[in-house]
2 protein chains.
Amino acid sequence: MSFDLEGFLPYRLSVAATLVSRRFAALYGAEAGLTIPEWRVLAHLNRSGAVSVRDINVRVNLDKSIVSRAASRLEQAGLVRKAGHSGDRRLIALELTPKGQELMGRLGRIADAFQAELLAELGPDAAGLDRALDRLIARGV
Amino acid sequence: MSFDLEGFLPYRLSVAATLVSRRFAALYGAEAGLTIPEWRVLAHLNRSGAVSVRDINVRVNLDKSIVSRAASRLEQAGLVRKAGHSGDRRLIALELTPKGQELMGRLGRIADAFQAELLAELGPDAAGLDRALDRLIARGV
DNA sequence: TTGACATCGTTGCAATAGCAACGATAATCC
DNA sequence: GGATTATCGTTGCTATTGCAACGATGTCAA
């Protein structure tokens with residue numbers, strides 16, 4: 001039997017991820033014209049308070065150049081503030097502005113609603129998907 | 001409780017897909033320097049015989065410009081042949097050359113082995129993952 | 001100290017993706 | 001039949017990616 005692309009996990013994962021991302025982008029795109037890196041940076045800052053580019057780069061799986069550029073655009077838009085880290089002058093301290101916090105409040109609710117929608121679609125398979133993703137992500141890092 | 005990116009399905013899917021793709025690319029990269037679109041086109045042709053750009057574009061989730069350029073590179077490399085479709089002269093008929101078939105034979109075995117490795121890692125959650133991907137992909141198209 | 005090496009954030013650059021536009025051919029409608 | 005509309009594959013164009021290099025700062029050992 002020759003190889004079947006349609007049943008190949010890396011392919012299926014990639015297609016599913018693209019489709020789901022696109023659905024979500026359509027939701028938050030209406031609220032704020034963010035790119036995916038910008039969204040990830042914002043979402044991470046929403047949780048972790050002041051943090052460096054390197055931190056985000058590691059935790060959120062984005063090249064540091066992408067984080068750097070996303071942060072600049074977000075700063076331009078008044079959503080993020082860059083401050084010098086006290087102590088280590090190589091680091092910068094990124095944090096949300098009040099405007100950024102307010103936006104993330106709205107986006108967080110949209111994201112939570114979308115997550116609930118996905119879980120409902122998946123029904124009983126959601127748990128297996130979650131565990132599988134855990135393993136794949138843990139393995140890959 | 002504020003929004004948690006680490007638990008957000010679109011994010012987790014995207015990270016997992018990237019990691020798995022990277023692992024696989026490392027495997028076939030050693031065998032042949034193919035890009036992902038090139039690999040997908042090749043894998044699709046391996047199954048479906050002579051087929052048009054449009055066909056691949058639809059089935060394999062790649063923009064037709066990407067398919068077109070991938071096909072040109074593959075033709076350049078002697079892996080694929082472009083023929084005129086009889087009947088409808090807008091279409092072209094892409095098919096593997098013997099060299100392309102031979103390469104796909106090897107890559108297919110590598111891919112099957114990788115798939116087996118993934119399934120082993122996932123253990124009992126593989127089934128749930130598979131059903132979940134089915135749903136997400138079906139829903140998204 | 002001071003000199004070698006590591007790490008931070010930014011920037012430059014080549015390759016790619018994704019979209020729109022194009023010429024060529026088909027299909028459809030009057 | 002002729003005009004309009006749709007579809008095919010290709011190409012141009014712009015934004016984004018991902019990698020490498022850079023200057024600046026820190027660290028560590030002799």
Side-chain angles (χ1 to χ4, degrees), chain A residues 11 14-15 17-19 21-23 25-26 29 33-42 44-45 48 50-77 80-95 140, chain B residues 14-15 17-19 21-26 29 33-42 44-45 48 50-77 80-95 140:
Chain A
Y11 171 67
S14 163
V15 171
T18 301
L19 291 174
S21 281
R22 203 163 297 178
R23 281 174 65 186
L34 297 176
T35 66
I36 288 182
E38 287 162 5
W39 150 254
R40 286 195 191 173
V41 169
L42 224 50
H44 184 64
L45 289 181
S48 51
V51 107
S52 70
V53 168
R54 173 71 179 163
D55 256 301
I56 300 180
N57 155 28
V58 171
R59 303 252 175 94
V60 164
N61 258 79
L62 291 174
D63 188 86
K64 59 183 180 166
S65 68
I66 295 178
V67 175
S68 173
R69 291 192 249 251
S72 294
R73 286 191 298 265
L74 292 172
E75 188 187 27
Q76 212 68 8
V80 151
R81 185 172 33 241
K82 286 184 191 177
H85 187 278
S86 54
D88 192 334
R89 276 183 305 182
R90 292 172 305 177
L91 304 179
I92 63 172
L94 290 170
E95 57 182 346
Chain B
S14 164
V15 171
T18 301
L19 291 174
S21 280
R22 204 162 296 179
R23 281 173 67 186
F24 181 55
L34 297 175
T35 65
I36 289 182
E38 286 162 6
W39 150 255
R40 286 195 192 173
V41 167
L42 224 50
H44 184 63
L45 289 181
S48 51
V51 105
S52 69
V53 168
R54 173 72 179 161
D55 255 301
I56 301 180
N57 156 28
V58 170
R59 303 252 174 94
V60 165
N61 258 77
L62 292 175
D63 188 85
K64 59 181 180 168
S65 69
I66 295 178
V67 175
S68 173
R69 290 193 248 250
S72 294
R73 285 192 298 265
L74 292 172
E75 189 188 27
Q76 211 69 5
V80 152
R81 186 172 31 241
K82 285 184 192 179
H85 186 278
S86 54
D88 191 335
R89 275 183 304 181
R90 293 171 304 178
L91 304 179
I92 65 173
L94 290 170
E95 57 182 348

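A, B, ... follow the sequence lines: proteins, then strands. Residue 1 opens every chain. Values below: every heavy atom of this structure, side chains too, minus hydrogens, waters and symmetry copies.
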Given C:dT10, D:dG9, D:dG26, the nucleotide with the shortest approach to the side chain of B:Leu91
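Looking only at side-chain atoms, B:Leu91 lies closest to D:dG9.
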
Taking the minimum atom-to-atom distance to the side chain of A:Asp88, which one of D:dT25, C:dA26, C:dT10 wins?
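Between D:dT25, C:dA26, C:dT10, the one nearest the side chain of A:Asp88 would be D:dT25.
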
Give the rounded distance in Å between these two atoms: [atom1] of [X] and [atom2] of [N].
X: A:Ile92; N: C:dT10; atom1: CD1; atom2: C1'; answer: 10 Å
X: B:Glu38; N: C:dA17; atom1: CD; atom2: P; answer: 9 Å
X: B:Ile36; N: C:dA17; atom1: CD1; atom2: P; answer: 8 Å
X: B:Leu34; N: C:dA15; atom1: CG; atom2: P; answer: 17 Å
X: A:Arg40; N: D:dT16; atom1: CZ; atom2: C1'; answer: 14 Å

Would you say A:Arg89 places a side-chain N or O within less than 4.0 Å of OP1 or OP2 belonging to D:dG26?
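Affirmative; the distance criterion is met.
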
Which residues pass the salt bridge (Lys or Arg N to Asp or Glu O under 4.0 Å) test with A:Arg22, sequence neighbours left out?
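Scan of A:Arg22 (salt bridge (Lys or Arg N to Asp or Glu O under 4.0 Å), adjacent residues dropped) gives none.
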
Salt bridge (Lys or Arg N to Asp or Glu O under 4.0 Å) against A:Arg90, all qualifying residues, sequence neighbours excluded
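Scan of A:Arg90 (salt bridge (Lys or Arg N to Asp or Glu O under 4.0 Å), adjacent residues dropped) gives A:Asp88.
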
Report the residues that fulfil side-chain contact (heavy atoms from CB on, under 4.5 Å) with [X], sequence neighbours left out, ordered by chain and then residue number.
X: A:Ala25; answer: A:Tyr28
X: B:Glu75; answer: B:Lys82
X: B:Ala70; answer: B:Pro37, B:Glu38, B:Val41, B:Arg73
X: B:Arg54; answer: B:Ser52, B:Asn57, B:Val58

Considering only nitrogen or oxygen atoms on both sides, find all protein atoms under 3.5 Å from nucleotides 3-7 of chain C and state each distance.
from: C:dT7; atom 1: O2; to: A:Arg90; atom 2: NH1; distance (Å): 3.0

Hey, could you give me each pair passing salt bridge (charged side-chain N to carboxylate O under 4.0 Å, His left out) that has a residue in residues 56-70 of chain A? Not counting sequence neighbours.
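Of all non-adjacent pairs touching residues 56-70 of chain A, those that pass salt bridge (charged side-chain N to carboxylate O under 4.0 Å, His left out) are A:Asp55-A:Arg59.
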
Residues in side chain to side chain donor-acceptor pair (under 3.5 Å) with A:Ser68, at least two apart?
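With sequence neighbours excluded, A:Ser68 shows a side chain to side chain donor-acceptor pair (under 3.5 Å) to no residue whatsoever.
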
To the nearest 0.5 Å, how far apart are NE2 in B:His44 and CG in B:Leu42?
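The CG atom of B:Leu42 is 11.5 Å from NE2 of B:His44, to the nearest 0.5 Å.
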
For the residue pair A:Arg40 and A:Thr35, confirm or rule out a side-chain donor-acceptor distance under 3.5 Å.
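Checked: A:Arg40/A:Thr35 side chains show no N/O donor-acceptor pair below 3.5 Å.
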
Could you check if a side-chain atom of A:Val51 sits within less than 4.5 angstrom of a side-chain atom of A:Ser48, using non-hydrogen atoms only?
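In contact.
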
For B:Gly87, report the nucleic acid contact type (base, sugar-phosphate, nothing); a contact means any heavy atom under 4.0 Å.
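Here B:Gly87 touches the backbone only, sparing every base.
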
Structure string for DNA chain C in dot-bracket form, Watson-Crick and G-U at under 3.5 Å, | interchain
||||||||||||||||||||||||||||||

Per-nucleotide protein contact string for nucleotides 18-23 of chain C (B base, S sugar-phosphate only, - none; heavy atom under 4.0 Å)
BB----

